[in-house]
Amino acid sequence: MRIAHVAAFHKAGNAGDILLPAALQRLIESWSRIKIEWIEIQARDPVNSATIQKINSCDICIVGGGGLFLPDTNANDISGWQWAISPEHIYAIQVPLVLRGVGYNLFRNQPRFNDSFGISVAALAEKAVFIGLRNTGSIHAFRKHLPYRLHNKIRLDPCPTSISQQLFSPTIAQPPREPVVAINLAFDRSSLRFSSGPEEICHRIALALKRFLDINENLSISYYSHFDMDDIGYEHLKSAGLQIKFEDLSCLRSGQIVKKYAKPNLVIGMRGHSQLISLGCGTPCLSLISHDKLQWLLDDLNRQEWGIDISMIEASISGSELFCKLVEVRDQASAIHRDCALFHGQIRKVLDRNSEIAFAAI
C-alpha cells in the first residue's frame, strides 16, 4: 500500500517534529497487516499539480499530525495554515483524504487566522473521509470555523507520541529510572507565552528548583533542548546558579528522543511534545502551561493537577507555587506510573479504532 504522508518533516532542528511523523507512521504500520510504502510530502512546500499527481498515485493521503493549524509558520493567504493548499487542489485529490492527530495550535493572544482559513478548512472537512484532532480543546476551536453540518465529522484522535515507548520500544522492559529532573522550556513567541521576560521566568523556576533539590539531595538536573531558541532557558538557569547539564535533543533520531524521556524521575515540560513524550514513556511530568494545548491534554486525561499555568509562576516572586507542584508530582509518582499505563491502553484502543475507520474508505 502506498501512503502519501503530508507533515512538517524535520530530520533535525525540532525534536518534536522529528519524532511526530515517525510516530504516526509506526502507529499505522503496527496496526496494518499490509506492507506500506511511505511517500513523504513536506507540508511547508508549495502545492502544485505535481504534488496532487503524487498524492493521486497513492492509495490514501494522510495529513498529520502536529499543530498544523497555525497561521504564522509558513504564513500564506492560500489556506491560512501550514499546508498551503488551495480548495481547488483539495478537491482535485482523488484518493481518500485523512487527517490524523492534528492540533489547533493558535497561541494565546495571537492574531486570528486570516479569511482564507475558514474557506480552506471547510473544503478540507467536505473532502476528508476522516478528520482526527488530537484533543477536545482543538476540536471545539476548530469547529468554530466550520458549518454546523460538518461538526460531527471531527473526531478525537490523540497524538501518537502519547504512546511513544509502546511504538518505539514495545518489547523492551522499562529501563531503571535515573535520579534526574529533566526540564524543557520554550522561548519561541515569548511575548505570547509570558507577560515578563525570559530571564525573570527562569529566575523564578531556578528558585523553585533549588528548594526542590535541597529536599532531594540525590537528584541532578538536565536541560532538554528541543529547538535552538530553547537554549536561552539553559543559559538563564545556569546564570541563576543552578548546576545543570545541557542535552540537545534537536539532532537525535526518534528512538533516541524516546529513550531520553524514559530515563528521568521527573520531567518539567513547557513544549507540547515534552509533555506528550513524557506521558508516552510513563514518566511523571509537570506541564508548564504557556499554550492552551498543554491544558487541553490534561483536561482530556482529567489530570489537571499535573500542570501549572505560567501566570502562576510569574505571580510568585519566590517560586513557591512551582515548588509545591513539584513536591506534589514527586509524591504521586507511583500513582502517575499506574495512570500512564492505563492511559496507554485506552489511547491505543482509540487510535486503532480510528485507523480502522480511516482505512475503510480504501
Side-chain angles (χ1 to χ4, degrees), residues 12-16 18-19 175-188 190 193-194 196-252 256-279 281 283-291 294 306-308 310 312-314 316-331 333:
N14 186 322
I18 293 168
L19 177 62
R177 299 279 177 184
E178 296 180 358
V180 171
V181 176
I183 180 168
N184 162 262
L185 302 179
F187 290 97
D188 61 306
S190 58
R193 293 182 181 274
F194 321 116
S196 54
E199 186 173 4
E200 193 170 338
I201 287 291
C202 289
H203 176 70
R204 286 169 167 74
I205 292 171
L207 289 174
L209 284 171
K210 286 177 181 178
R211 287 183 65 188
F212 190 68
L213 291 178
D214 285 343
I215 62 172
N216 297 274
E217 295 180 357
N218 64 321
L219 289 180
S220 61
I221 303 177
S222 287
Y223 189 89
Y224 281 8
S225 177
H226 278 215
F227 186 58
D228 57 5
M229 292 190 72
D230 297 353
D231 299 358
I232 297 169
Y234 167 73
E235 295 297 338
H236 285 315
L237 291 175
K238 189 172 66 170
S239 296
L242 277 177
Q243 295 292 320
I244 187 166
K245 177 183 177 182
F246 180 81
E247 299 198 47
D248 184 2
L249 275 57
S250 68
C251 294
L252 299 183
Q256 293 173 317
I257 295 169
V258 173
K259 287 179 181 178
K260 285 290 184 183
Y261 274 99
K263 290 181 179 180
N265 272 333
L266 172 65
V267 169
I268 304 167
M270 188 180 292
R271 287 202 174 277
H273 278 104
S274 182
Q275 176 199 53
L276 282 160
I277 304 165
S278 300
L279 169 67
C281 294
T283 303
C285 177
L286 177 61
S287 299
L288 305 184
I289 302 168
S290 66
H291 190 295
L294 285 91
W306 293 358
I308 179 171
I310 204 73
M312 296 182 67
I313 299 174
E314 291 181 306
S316 176
I317 295 175
S318 66
S320 58
E321 292 282 355
L322 177 58
F323 168 73
C324 290
K325 291 297 292 186
L326 287 170
V327 172
E328 181 183 338
V329 172
R330 179 205 63 183
D331 291 346

Where the side chain of [X] meets the backbone of [Y], is there a donor-acceptor pair that is under 3.5 Å apart?
X	Y	answer
S316	S320	yes
S274	M270	no
N184	I268	no
Y223	D230	yes

Flag side-chain contact, heavy atom, 4.5 Å: [X] against [Y]:
X	Y	answer
L219	V180	no
W306	P284	no
L209	I244	no
L322	L326	yes
R330	I215	yes
L252	K260	yes
I183	Y224	no
I289	I310	no

Please lay out, stage by stage, how V329 and L266 fare under the test side-chain contact (heavy atoms from CB on, under 4.5 Å). CA-CA 8 Å; V329 172; L266 172 65; 3.5 Å; yes
Output the distance between atom [atom1] ([X]) and atom [atom2] ([Y]), rounded to the nearest 0.5 Å.
X	Y	atom1	atom2	value
K245	S222	NZ	OG	5.5 Å
R193	H291	CZ	NE2	7.0 Å
E314	S290	CD	OG	9.5 Å
D228	S250	CG	OG	7.0 Å
Y261	I277	OH	CD1	5.5 Å
L276	L294	CG	CG	7.5 Å

Hydrogens and angles aside, do S225 and D248 bring a side-chain donor and acceptor to less than 3.5 Å of each other? no
So, S318 versus R204: side-chain donor-acceptor pair below 3.5 Å or not?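 Not at all, the side chains of S318 and R204 share no donor-acceptor pair under 3.5 Å.
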Please work out which of the three classes, parallel, tilted or perpendicular, describes the rings of F194 and F187, given edges at 30° and 60°.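 Tilted.
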Walk me through it: do E178 and N265 pass the test side-chain contact (heavy atoms from CB on, under 4.5 Å)? CA-CA 6 Å; E178 296 180 358; N265 272 333; over 6 Å; no
At their closest point, which heavy atom of [X] faces which heavy atom of [Y], and how far apart are they?
X	Y	result
I18	A12	CD1-CA, 3.7 Å
I221	Q243	CB-O, 4.1 Å
C202	L185	SG-CD1, 3.9 Å
S287	Q275	OG-NE2, 3.0 Å
A15	L249	CB-O, 3.6 Å
G16	H226	N-ND1, 3.9 Å

Please walk me through it: do R271 and D188 pass side-chain contact (heavy atoms from CB on, under 4.5 Å)? CA-CA 10 Å; R271 287 202 174 277; D188 61 306; 2.9 Å; yes
CA sep, side-chain torsions, deciding dist, call: H273, L19, side-chain contact (heavy atoms from CB on, under 4.5 Å): CA-CA 9 Å; H273 278 104; L19 177 62; 5.9 Å; no
Verify the neighbour count for atom CD of E199: are there more than 12 heavy atoms of other residues, nucleotides or ligands below 6.0 Å? no
